[in-house]
K.L.:
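Following this message is one structure expressed as structure tokens.
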Amino acid sequence: MSVKTRFAPSPTGYLHVGGARTALYSWLYAKKTNGRFVLRIEDTDRERSTQESIDVIMQGMSWLGLDFDEGPFYQTQRFERYGELIQSLLDQDKAYYCYCSRDELDALRKQQMEQKIKPRYDGRCRHRQQPREGIDPVVRFRNPEHGEVVFEDLIRGTIAVSNQELDDLIIARSDGTPTYNFTVVVDDMDMNITHVIRGDDHINNTPRQINILRALGAELPNYAHVPMILGSDGARLSKRHGAVSVLQYREQGYLPKALLNYLVRLGWSHGDQEVFSIEEMTELFELSNVNRAASTFNSEKLLWLNHHYIKHDDPEQLANQLFWHFQKNEVDIESGPPLVDVVKVLRERSKTLVEMMEMSLFFYADFESYDEKAVKKQFKPEALEVLQALLEQFSAVEAWEGESLHHVVTGLAESMQKKMGEIAQPLRVAIAGRAVSPPIDATLELLGRQKTLQRLERAIKFIEQKNL
RNA sequence: GUCCCCAUCGUCUAGUUGGUCCAGGACGUCGGCCUCUCACGCCGAUAACAGGGGUUCGAGUCCCCUUGGGGACGCCA
């Protein structure tokens, strides 16, 4: 049978990096084996599921390029099917109605905690013959009382849990709607999922689900539980650890392939290799090489990978992605150099696209003020004659291109008997507004003659006024 | 508390039938070179097998215990 994996998020929030990683692993495994990848929205919790979350999850998947072959399926559209199977279980006495009230269950749980035993349903309605008046019952699955459930996890190896640890879980709420542990099982069965790849936090659910699967007479899928991602404080990754929403990384100027590369390498490895193209990870990915231990999210390394891809990716493609950020910030790029050229001079000094955008803003719009420190250091009285000389010589330059502009600067340094830095730095502050920019000749070329001359004049006036 | 899972540098990890590992790579950090700024690049340094018992000629690699961490224990998923 050919492989089929699925990603089954519940639409109660954004797509976070942990979810994205399990999605990636499932996607990779399907791709690698020429199988199929299914997206299923687990929205049985009507209270908390929102359309907004669905949209955001889909956007995240699409931004990452994790396309699915089937779906999205919505569990809320399959209630009829779940109802059928619950009835069938009831008919076979593999499930039963439970009339316990919430208060009763709370009291039971409290009592068990006090006795320092694992809180669980004690099965008091297991053999009840008569309904109780005034209570809408839930349906509980009749879990086997003896023996143990053993399964072979593709990442962890053998896992065994005694049935005595498992209680009779609720498969239908009192309003008749099915619950998670039941719907996953039915869907995985109906959709012929062969490999269930999911977070570690589901490991305890697996034995229960296996019991239900058996009661339903279904074949068992393979299971692979990937470890959690922790924040820098060792606790489970959450909002307070910074950007955990996938889309937030887009906002912050990360490239999808950088995030993907970081995520695939977090908890999985192929020898010493650090950089993987999508093709490479698809080819090399193995569940057996997934680490068993939880790993800590390290944004420094993600940043490094992002920079790596900014340095090495196709400039045209990067320009397109950079454009997204300019648009978002409503910056008009018509009046400045082509974005591809900006990418080429800025890629080595920008770790994110946001950084790149900020550093290139001065090509497109006049800056409001000069960087204070830069003014102090570079706009000293002696800079005046340098800038005046530059203004004069730049006006006379015939071909406005890097090489000739470079000659102007070096020539001036020679004739004025100054170091390069004494010429280039004041010039840089004059045209860029701050002491940092790409090489001065490239910057001048991209900025163009008109803007360069204007800004030199502006700087000269500024220094003159400052010295009054 | 009970059950399940896990344990190599600060972080991600290599280590796949125990020996060639006084433990390798990457990020970070710290030095240095390059240099018109910031970077890039290059060179070098730093730092780990949680602890204790076994098994064995030999253990990071196998077994047990301890400790530590994570997860689960919902009419959430």
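In the text below, chain A, chain B and the rest are named by the order of the sequence lines, each starting its count at 1. None of these values were measured; they are calculated from a predicted model.
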K.L.:
State which residues pass salt bridge (Lys or Arg N to Asp or Glu O under 4.0 Å) with A:D187; sequence neighbours excluded, sorted by chain then number.
P.N.:
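Applying salt bridge (Lys or Arg N to Asp or Glu O under 4.0 Å) to A:D187 gives A:R40, A:R78.
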K.L.:
Indicate every side-chain donor-acceptor pair of residues 423-449 of chain A with a distance under 3.5 Å to a residue at least two apart or in another chain.
P.N.:
from	atom 1	to	atom 2	distance (Å)
A:Q425	OE1	A:R428	NH1	2.6
A:Q425	NE2	A:A435	O	3.4
A:R428	NE	A:S437	OG	2.8
A:R428	NH2	A:P438	O	3.0
A:R434	NH2	A:E358	O	3.2
A:S437	OG	A:T443	OG1	3.4
A:D441	OD2	A:H406	ND1	3.4
A:T443	OG1	A:P438	O	2.9
A:T443	OG1	A:P439	O	2.8
A:E445	OE1	A:G402	N	2.6
A:R449	NH1	A:F394	O	3.1
A:R449	NH1	A:S395	O	3.3
A:R449	NH1	A:V397	O	2.9
A:R449	NH2	A:V397	O	2.7
A:R449	NH2	A:E398	O	3.3

K.L.:
Side chain to side chain donor-acceptor pair (under 3.5 Å) with A:Y97: which residues, sequence neighbours excluded?
P.N.:
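For A:Y97 there are no side chain to side chain donor-acceptor pair (under 3.5 Å) partners, ignoring immediate neighbours.
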K.L.:
Any N or O donor-acceptor pair linking the side chain of A:T179 to the base of B:C75 at under 3.5 Å?
P.N.:
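No, no donor-acceptor pair under 3.5 Å.
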K.L.:
Quick one: salt bridge (Lys or Arg N to Asp or Glu O under 4.0 Å) partners of A:D106, sequence neighbours excluded?
P.N.:
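Testing A:D106 for salt bridge (Lys or Arg N to Asp or Glu O under 4.0 Å), a comparison that skips the adjacent residues, returns A:R109.
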K.L.:
Return the nearest nucleotide to the side chain of A:N204; candidates are B:C36, B:G71, B:A77.
P.N.:
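Selected nucleotide (nearest to the side chain): B:G71.
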K.L.:
Have a look at A:A435 and say if it touches a base, only the backbone sugar-phosphate, or nothing, with a 4.0 Å heavy-atom cut-off.
P.N.:
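Base contact - A:A435 has a heavy atom under 4.0 Å of at least one base atom.
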K.L.:
Is the backbone of A:T76 close enough, under 3.5 Å, to the side chain of A:D43 for a donor and an acceptor to pair up by distance?
P.N.:
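Judged by distance alone, yes, a pair lies under 3.5 Å.
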K.L.:
Could you tell me which nucleotide pairs with B:C73 by Watson-Crick or G-U wobble geometry, both distances under 3.5 Å, or answer none if nothing does?
P.N.:
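Pairing partner: B:G1.
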K.L.:
Considering only heavy atoms, which members of residues 341-354 of chain A lie under 4.0 Å from some atom of RNA chain B?
P.N.:
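Hits under 4.0 Å, by residue number: A:E348, A:R349.
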K.L.:
Got a list of protein N/O to nucleotides 22-26 of chain B N/O distances below 3.5 Å?
P.N.:
from	atom 1	to	atom 2	distance (Å)
B:G24	N2	A:D272	OD1	2.6
B:G25	N2	A:R265	NH2	3.4
B:G25	N2	A:E274	OE2	2.8
B:A26	O4'	A:E274	OE2	3.4

K.L.:
Tell me which nucleotide among B:U13, B:C27, B:C4 gets nearest to the side chain of A:N298.
P.N.:
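Looking only at heavy atoms from C-beta outward on A:N298, the closest nucleotide is B:C27.
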K.L.:
For A:G199, which contact category applies under a 4.0 Å heavy-atom criterion: base, sugar-phosphate, or nothing?
P.N.:
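A:G199: no heavy atom of the nucleic acid under 4.0 Å.
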K.L.:
Applying a 3.5 Å limit to both distances, which nucleotide forms a Watson-Crick or G-U wobble pair with B:U35?
P.N.:
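Per the H-bond distance test, none.
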K.L.:
Sort out the partner of B:G68 for me: Watson-Crick or G-U wobble, both distances under 3.5 Å, none otherwise.
P.N.:
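Across all strands, the one nucleotide that pairs with B:G68 is B:C6.
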K.L.:
Considering the options A:R208, A:R140, A:K118, which one meets the salt bridge (Lys or Arg N to Asp or Glu O under 4.0 Å) requirement together with A:D167?
P.N.:
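When A:R208, A:R140, A:K118 are each tested with A:D167, the salt bridge (Lys or Arg N to Asp or Glu O under 4.0 Å) holds only for A:R208.
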K.L.:
Closest to the A:K311 side chain: B:C40, B:G28, B:C6?
P.N.:
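Nearest nucleotide to the side chain: B:C40.
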K.L.:
Tell me the partner of B:C57, counting only Watson-Crick (N1-N3 plus N6-O4 or O6-N4) or G-U wobble (N1-O2 and O6-N3) with both under 3.5 Å; none if nothing fits.
P.N.:
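Its partner is B:G19.
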K.L.:
Counting side-chain heavy atoms from C-beta on, which of B:G70, B:U11, B:C36 comes nearest to A:T296?
P.N.:
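Nearest listed nucleotide: B:U11.
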K.L.:
Taking it one step at a time, do A:E355 and A:R349 satisfy salt bridge (Lys or Arg N to Asp or Glu O under 4.0 Å)?
P.N.:
CA-CA 9 Å; A:E355 240 180 76; A:R349 56 207 96 223; over 6 Å; no
K.L.:
Please evaluate the base of B:C36 for a donor-acceptor partner in the side chain of A:R428 within a cut-off of under 3.5 Å?
P.N.:
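In this structure, the two groups form a donor-acceptor pair.
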K.L.:
Which nucleotide wins on minimum distance to the side chain of A:R102, given the candidates B:C75, B:A77, B:U11?
P.N.:
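The closest nucleotide is B:C75.
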K.L.:
Of the listed nucleotides (B:C75, B:C5, B:A39), which one gets closest to any side-chain atom of A:I170?
P.N.:
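When the side chain of A:I170 is considered, B:C75 is the closest of B:C75, B:C5, B:A39.
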K.L.:
From C-beta outward on A:R156, which listed nucleotide comes closest to its side chain: B:C6, B:C3, B:G28?
P.N.:
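Given the options B:C6, B:C3, B:G28, the side chain of A:R156 is closest to B:C6.
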K.L.:
When you measure from the side chain of A:E165, which nucleotide among B:C36, B:C6, B:C3 comes out closest?
P.N.:
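Nearest to the side-chain atoms of A:E165, counting from C-beta on, is B:C3.
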K.L.:
Classify A:H202 by what it touches in the nucleic acid, base, sugar-phosphate, or nothing, heavy-atom distance under 4.0 Å.
P.N.:
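A:H202: base contact, heavy atoms under 4.0 Å.
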K.L.:
Is there a Watson-Crick or G-U wobble partner for B:A47 with both distances under 3.5 Å, and if so, which one is it?
P.N.:
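Result: none.
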K.L.:
Pick base, sugar-phosphate or nothing for A:H312, based on heavy-atom distances below 4.0 Å to the nucleic acid.
P.N.:
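No contact.
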K.L.:
Count the heavy atoms of every other residue, nucleotide or ligand shown that sit under 6.0 Å from CD of A:Q87, and state whether that count exceeds 12.
P.N.:
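For A:Q87, atom CD is crowded (more than 12 foreign heavy atoms under 6.0 Å).
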K.L.:
Could you pick out which residue, A:N289 or A:A424, lies toward the 5' side of RNA chain B when each is mapped onto its nearest nucleotide?
P.N.:
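Nearest nucleotide further toward 5': that of A:N289.
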K.L.:
Just checking A:P9: base, sugar-phosphate only, or nothing, at a heavy-atom cut-off of under 4.0 Å?
P.N.:
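Nothing, no heavy atom under 4.0 Å.
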